[in-house]
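Inspection log for the structure reproduced underneath, given as structure tokens.
For this chain, numbers begin at 1 and follow the sequence in order. Note that the coordinates shown come from a computational prediction; the quantities given were computed from them, not determined experimentally.
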Amino acid sequence: MYLIIDNGNSFLKASVYDQLGNEIAFYEIKNDAISLSFFQEIFNHHKITKCYIGSVAPNLMNNVINLIKGISDCQIIIIKAKDFCDELDLSKFDLNELGVDILAYSLFLKKTYTKAIGICFGTALFAIGVSNSVLHGAIILPQIESGLKQLEQNTELIKIDWKEMNNKNAYLDFGYNTPTALISGINHAYNGIIMSICNYFYQTLKLNTLCITGGNSGKLLFDQNNVKQTKVYWVKNAVIKGYAFLIFNK
């Protein structure tokens with residue numbers, strides 16, 4: 001069996017695939033909680049012969065490699081940007097500046113939809129446009145929530161109840177207290193970002209399919225009626241699925 005790891009900035013996600021390319025198990029852990037026991041659980045339940053790692057966090061990746069080597073003699077393969085050159089036209093890019101997560105997501109879009117916009121809500125938000133094998137580029141911006149701590153520190157009247165913020169994320173109406181007002185602001189901001197991206201790519205490239213993925217996508221409240229020209233799909237772990245397309249050459 002094969003273990004495919006997506007080592008992100010905040011979370012490590014790992015999927016176990018059989019040799020035919022079928023996903024049979026999924027694991028997830030925060031980066032600050034990665035431990036030997038996490039990998040022992042995976043390797044105790046599955047006979048892993050190859051481990052593929054795609055990472056945007058090199059320091060964390062080295063720790064992951066050492067932990068796996070401590071419990072298994074499986075072959076460890078690091079996924080690199082150049083591995084995607086046969087699948088995607090990357091001629092206008094510097095491969096040293098391309099994150100493998102962006103490339104894996106691009107390959108997923110190509111294989112699944114042929115032409116599509118992809119938005120990933122992770123530690124940062126990135127959006128990409130793909131037409132057949134052409135990756136048109138990326139749009140990257142920080143998560144809006146990351147500015148809330150600075151807002152709380154610099155504004156006397158805003159004290160954030162983080163527990164309530166996490167529990168009430170599906171909200172677009174006018175807020176009746178600080179948390180709901182902030183949540184409404186966050187959701188309206190993301191709605192505006194998605195509408196702008198969809199409208200731009202539809203007008204310039206006629207891309208009318210949108211795929212949304214990422215660990216924070218579950219917090220997103222998005223009104224699909226705002227982009228009526230675009231079909232919207234929500235996909236979990238599309239980056240790992242993109243790695244699988246590469247590995248199994250599907």
Checklist entry - Is the CZ atom of F93 crowded by more than 12 outside heavy atoms at less than 6.0 Å? => result yes
Checklist entry - OH of Y200: more than 12 outside heavy atoms within 6.0 angstrom? => result no
List the atom pairs, donor and acceptor, that lie under 3.5 Å between side-chain atoms in residues 64-75 and the rest of the protein, sequence neighbours left out.
unit_1	atom_1	unit_2	atom_2	d
N66	ND2	N62	O	3.2
S72	OG	C74	N	3.0

Item to check | Worked check of side chain to side chain contact (heavy atoms under 4.5 Å, CB included) between I34 and F39 | outcome: CA-CA 9 Å; I34 292 173; F39 289 105; 3.8 Å; yes
Checklist entry - Can you list every side-chain hydrogen bond (donor to acceptor under 3.5 Å, both in side chains) pair that touches residues 129-139, not counting sequence neighbours? => result K110-S133, S131-H136
Checklist entry - Which pair of heavy atoms, one from Q229 and one from N208, lies closest together, and at what distance? => result O-CB, 3.2 Å
Item to check | Nearest heavy atoms of L207 and V130, plus distance in Å | outcome: CD2-O, 3.9 Å
Next on the checklist: Rounded to the nearest 0.5 Å, what separates atom CD1 in I29 from atom CZ in F11?
Outcome noted: 10.0 Å
Checklist entry - How are the rings of H46 and Y27 set relative to one another: parallel (under 30°), tilted (30 to 60°) or perpendicular (over 60°)? => result perpendicular
Next on the checklist: Check the orientation of F121 and Y190. Use parallel for under 30°, tilted for 30 to 60°, and perpendicular for over 60°.
Outcome noted: perpendicular
Using only atom types and a distance under 3.5 Å, with no angle test, would you say the side chain of [X] pairs donor to acceptor with the backbone of [Y]?
X	Y	answer
S55	M61	no
S184	D173	yes
N191	N187	yes
N31	N9	yes
S196	G192	no

Item to check | Check: E28/N237 side-chain N/O donor and acceptor closer than 3.5 Å | outcome: no
Next on the checklist: Using the rule given for side chain to side chain contact (heavy atoms under 4.5 Å, CB included), can you reason through F126 versus I139, listing the C-alpha separation, both sets of side-chain angles and the distance that settles it, and then say yes or no?
Outcome noted: CA-CA 5 Å; F126 72 81; I139 299 167; over 6 Å; no
Can you confirm whether [X] sits close enough to [Y] that some side-chain heavy atom of one is under 4.5 Å from a side-chain heavy atom of the other?
X	Y	answer
Y233	T213	no
I76	Y52	no
C211	L109	yes
L103	L135	yes

Checklist entry - Mind checking whether Y243 and F108 have ring centres under 6.0 Å apart? => result no
Next on the checklist: Holding to salt bridge (charged side-chain N to carboxylate O under 4.0 Å, His left out), I want the full list of residues that pass it with K241, two or more places apart in sequence or in another chain.
Outcome noted: none
Checklist entry - According to a 4.5 Å side-chain heavy-atom criterion applied to Ile, Leu, Val, Met, Phe, Trp and Tyr, with indirect links allowed, do V100 and I102 form part of one hydrophobic cluster? => result yes
